[in-house]
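Notes to accompany the following structure.
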Amino acid sequence: LKSWLLVASSSQRTMGSLGKQLPDWAPKVAALTGGAIGLLVLTKCVKVSDLNIGSDRARLAADEHGDDGAGVKKAQALAVEKYIGEVSAKFDAKAGASTLEKNGELGKYIAFKQEYQTKFMARPDVGEGQLLKVTDWYRLTPADYDRTTFHIEVDVKGTSIENLVNGADGKALSVYAINDAKGVQLFLQKMGLDPLEVVSVEEIAPQDEDGAVVLTTVEKLFTQYLDLFGKPTREFLKKLVPFAKDIIEKVKIAELTLERKTEEFQDRQAKAYTYADYITEFPSLHIPVDKYVELIPTIKQRVYSICSSSDYRPGKCQLLVVREDWEAKGGETKYGLCSSFLTFCRPGGFMIGHSTHSVMKIPEDSMAHIFMAGLGTGLAPFRAFVEQRKYQKSKGTKVGPMTLFFGGRYSKTEYYYRDEFEAYEQEGLLKCCNAWSRDTPGKKVYVQHKIKEEEDAIWEQLGKPGSKGYFFLCGSKQPEKDVYKTLLGIMQSKGNMSEAQAQRQMQELQEAGRYVTEVY
């Protein structure tokens, strides 16, 4: 059972001044905060409704919602309150005496919430971050396939982003992952750090309110905030040098920052060395717990295209995700932090996320012909496009044709949402032109080949004077040049244009927002 919570309090009084005994339910709270729950930060503030995050993200969120951020904060508080209710009902464990003693500093703020005006929150450094409950997860590729692609859904009903997650309306979802719990525990053990020690994270999440203090446990700091398993730069090594007590190790670390050691440093990069790897490599490193926030950056958001229309699926936000993996030098398989986090999410779990802008926005003209080239999980926004047109059609709006060019390796294993798209095609809402590069031995078919087959329609809707069509491309960056080259060729062959004229036509389409790409 994981938890994503923060605690807040404004009183500067010590526990001794209260002269009270911990209530009977304190052992349960201590267990909750001590490790079983995942996202717990303690903030001292006057009251949660008055909390002023003071970050750029909070101000941006307030601007987007058209208020001073009060709506966002209210939604955040309600989400946390609901979360606490759900988790508390399921969590039956109680902490032992030793845990209570070690966790007493944090426990007192929880046990005496009224006296300390303590409140739980979710990541105060992410002003518009919402606590989102996972309501669906299923794998799209076979269990024995070499690529893990899956569908995940979160409930956004009642949150501040409920109306800001339409994948057809230029919206994406930013997700904040957490580190692997076992990896964090192992690191803390090696470094001799107490997971229950209470630490301030004001440098990470500064508060504008007078007397406000942001606290969390060491375990939560390394699990939810610090990018412990990220890839460091040489600047990190320069900062690390002063903490080495052994002169040989100090020199070794310092040398890795020199030009003559570039090859060795790059070799370590190729082997995917992490912050944790470097820190545990040198036994003489003695880093005070409050200094880690100066050495290791925080976990950043990962942005995912939304594959659903919130008009078609009210209160829901769905993502199409592939677990990122690669082989580091030496043969070890490495995995992306956020995609791995989402891989192991299941219904009933929680994540922190917020709405982010995307260039993938369906044309306002519901009759415009839309050409969509989706490469792998680049299919995501186009599923949202089709759902939006389906919704419009159900409301009596006339909708224009849609042509989907979907590219993958094998149709049996990588045709995501196959039943849905075949049903849409049967309905006449969509034309599917799928390219499977490895289905036919000796013949590789890519999306540009399928685009070429539709050259008459593309010229009619994109090149011909007075045309009003749109072309969208989303997915891997590698095929972008081939797709562009194919479109240029169509302009030249069907429109009798010179190369310069075709280039100008494509530029005009881009400037008009009728040729849009989002590649990564």
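Treat the numbers as computed from the prediction; the structure is a model and nothing was measured. Values reported hereafter were calculated over all heavy atoms of this structure, with side chains retained and with hydrogens, waters and symmetry mates removed. Counting begins at 1 with the first residue of the sequence.
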Among residues at least two apart in sequence or on other chains, which ones pass side chain to side chain contact (heavy atoms under 4.5 Å, CB included) with Val293?
Glu203, Ile204, Leu221, Leu226
Check the side chains of [Y] and [X] for a donor-acceptor pair under 3.5 angstrom, ignoring hydrogens and angles.
{"X": "Gln301", "Y": "Tyr176", "value": "yes"}
{"X": "His151", "Y": "Tyr417", "value": "yes"}
{"X": "Ser366", "Y": "Arg389", "value": "no"}
{"X": "Gln507", "Y": "Glu511", "value": "yes"}
{"X": "Glu153", "Y": "Thr135", "value": "yes"}
{"X": "Ser476", "Y": "Tyr520", "value": "no"}
{"X": "Glu518", "Y": "Ser358", "value": "yes"}
{"X": "Asn434", "Y": "Tyr415", "value": "yes"}
{"X": "Ser174", "Y": "Thr356", "value": "yes"}

Apply salt bridge (charged side-chain N to carboxylate O under 4.0 Å, His left out) to the pair Arg409 and Asp146, showing each step before the final yes or no.
CA-CA 12 Å; Arg409 297 185 297 177; Asp146 66 352; 2.8 Å; yes
I need the single residue from Gln388, Glu427, Lys398 that forms a side-chain contact (heavy atoms from CB on, under 4.5 Å) with Lys393. Which is it?
Glu427
Relative to each other, are the rings of Phe371 and Phe471 parallel, tilted or perpendicular (30° and 60° limits)?
parallel
Contacts of [X] that satisfy salt bridge (charged side-chain N to carboxylate O under 4.0 Å, His left out) - sequence neighbours left out:
{"X": "Asp169", "value": "Lys361"}
{"X": "Glu425", "value": "none"}
{"X": "Glu162", "value": "none"}

Here the salt bridge (charged side-chain N to carboxylate O under 4.0 Å, His left out) pairs for residues 374-387, sequence neighbours left out, are Arg313-Glu387, Arg383-Glu387, Arg383-Glu420
Residue pairs fulfilling salt bridge (charged side-chain N to carboxylate O under 4.0 Å, His left out) with at least one residue in residues 363-372, sequence neighbours excluded
none
Assess whether salt bridge (charged side-chain N to carboxylate O under 4.0 Å, His left out) is satisfied between Arg147 and Glu414, documenting all intermediate values.
CA-CA 9 Å; Arg147 186 171 292 175; Glu414 295 186 10; 3.6 Å; yes
Lys239 bridged to Glu235 by N-O distance under 4.0 Å:
no
Derivation and outcome, ring-ring contact (aromatic ring centres under 6.0 Å, His included), residues Tyr278 and Tyr273:
CA-CA 7 Å; Tyr278 276 108; Tyr273 268 52; 5.4 Å; yes
Quick one, Glu454 with Lys431, criterion salt bridge (charged side-chain N to carboxylate O under 4.0 Å, His left out). Give me CA distance, side-chain angles, the key distance, then yes/no.
CA-CA 11 Å; Glu454 297 296 314; Lys431 180 178 181 180; 3.0 Å; yes
Side chains of Cys474 and Met360: closer than 4.5 Å at any heavy-atom pair?
yes
Should Phe406 and Phe382 be marked as a ring-ring contact (aromatic ring centres under 6.0 Å, His included) after you check the CA-CA gap, both sets of side-chain angles, and the distance that decides it?
CA-CA 10 Å; Phe406 177 45; Phe382 305 133; 9.7 Å; no
